[in-house]
2 protein chains.
Amino acid sequence: MKRLGIENGALDAVDARIVALLADNARIPTAELARSVGLSAPSVAERLRRLEDSGVIEGYMARIAPAAIGYPVSAWLRVRPVPGELKRVAEIIRSIPEITECDRITGEDCFLARVRVASVADLERLLDQLVPYAMTNTAIVQSSPVLPRLPPLAPAA
Amino acid sequence: MKRLGIENGALDAVDARIVALLADNARIPTAELARSVGLSAPSVAERLRRLEDSGVIEGYMARIAPAAIGYPVSAWLRVRPVPGELKRVAEIIRSIPEITECDRITGEDCFLARVRVASVADLERLLDQLVPYAMTNTAIVQSSPVLPRLPPLAPAA
DNA sequence: TCTGAAATAAAACCTAC
DNA sequence: GTAGGTTTTATTTCAGA
């Protein structure tokens, strides 16, 4: 069977199932994956290795409850650097460990950053680091109607 | 040793290392975790079980390259429901599988949603589902200066 | 690209300390 | 929390189709 590269957006049905299962529980043993997809363990192990090597699977992470590790407050920051300070702002963002995720986006705002903090006072201190070089807009997270999930996986035709 | 619950935001040093290791690679075998933290395997297995049961570890997920599964375009949607339609909008958001994450937030906008689509045309079709009940603001993701990561883990004193 | 067999390694479970 | 022992499972490697 012809195998398609990462840009094609098409996995065969078995790979799609493997990916979906791992997206839901990254710690299932390979042997159990094999049973679920109806192939032998070595065969699934090799598919896994290929999915990793080709970049389809970027890695495996534990989801940690932020409140459990001292960060009960989450917020989203929209960050608009003042003219000429984009690079410096990007650098500051990367250097703040409480910023756990950040995308560069189109539109008025340049960056959208997720922050995890222990308190609103900490949030204030964090924002102060950006104030000289950027305008910010902060929105506190109240709840999460959609938790991280995969979009639909369409197997190859 | 007294073990603290999820709300305390304090793990002992060993649990903190286990959590950090798993956040980085959720598929490390328990035996290897044990070697890394200098405890026996059964002991680490029990800590793991407790971290899972207490909700510190919410789960394990594979990170999948969206482009590899057919979604090269990512965008953030800020969604402001028209008065009286908040619940309906929340329902629509949950029902759209291309919305892979959504937080309810404070401020003018009610929801912040991450969408993964195959094309801008698909994005348009997606937005059309919300148009009757909400005002939306869309920002396309250009790059990700900070990939998902853990905030600093402070072990208990 | 798959299966199946064999060897190595690890997990799960137990008891005693 | 460790140590030891046992059973069950999983991983890896390789031959062969």
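Every chain is numbered from 1, with letters handed out A, B, ... down the list of sequences.
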| Where do A/Leu150 and B/Thr100 land on the side-chain contact (heavy atoms from CB on, under 4.5 Å) test, with the steps shown first? | CA-CA 6 Å; A/Leu150 272 194; B/Thr100 58; over 6 Å; no

| note | Closest to the 5' end of DNA chain C, once A/Val44 and A/Arg27 are matched to their nearest nucleotides, is A/Val44

| said: Taking any heavy-atom pair under 4.0 Å as a contact, classify A/Ser40: base, sugar-phosphate, or nothing. | reply: base

| request: Find the distance B/Glu32:CD to C/dA10:P and express it as a whole number of Å. | output: 9 Å

| task | Decide yes or no on side-chain contact (heavy atoms from CB on, under 4.5 Å) for B/Val73 and B/Ile140, but give the supporting numbers first. | result | CA-CA 8 Å; B/Val73 178; B/Ile140 303 271; 4.2 Å; yes

| query | Between C/dA11 atom P and B/Glu46 atom CD, what is the distance in whole Å? | reply | 16 Å

| field | Test item: side-chain donor near acceptor, A/Tyr60 and A/Glu52, under 3.5 Å | value | yes

| message | What is the separation between atom CD1 on A/Ile28 and atom P on D/dA10, rounded to the nearest whole Å? | response | 12 Å

| query | Between A/Arg49 and D/dT11, does any side-chain N or O lie under 4.0 Å from OP1 or OP2? | reply | no

| query | What nucleotide among C/dA10, D/dT2, D/dA10 has an atom nearest to a side-chain atom of B/Arg35? | reply | C/dA10

| Residue A/Ala31, side-chain heavy atoms: nucleotide from C/dC2, D/dA10, D/dT2 that is nearest | D/dA10

| said: When you measure from the side chain of B/Tyr71 to the backbone of A/Pro152, do you find a donor-acceptor pair of N or O atoms at a distance under 3.5 Å? | reply: yes

| query | In whole Å, what is the span from the CG atom of A/Leu48 to the C1' atom of D/dT13? | reply | 17 Å

| remark: Walking DNA chain D from its 5' end, the first of A/Pro29 and A/Pro42 to be reached, judged by nearest nucleotide, is A/Pro29

| query | Once you round it to whole Å, what is the distance between P of D/dT12 and CG of A/Leu33? | reply | 13 Å

| field | Nucleotide nearest B/Thr30 (side chain, heavy atoms from C-beta), chosen from C/dT3, C/dA11, D/dT11 | value | C/dA11

| field | Side chain of A/Arg47 - closest among C/dA11, D/dT11, C/dC2 | value | C/dC2

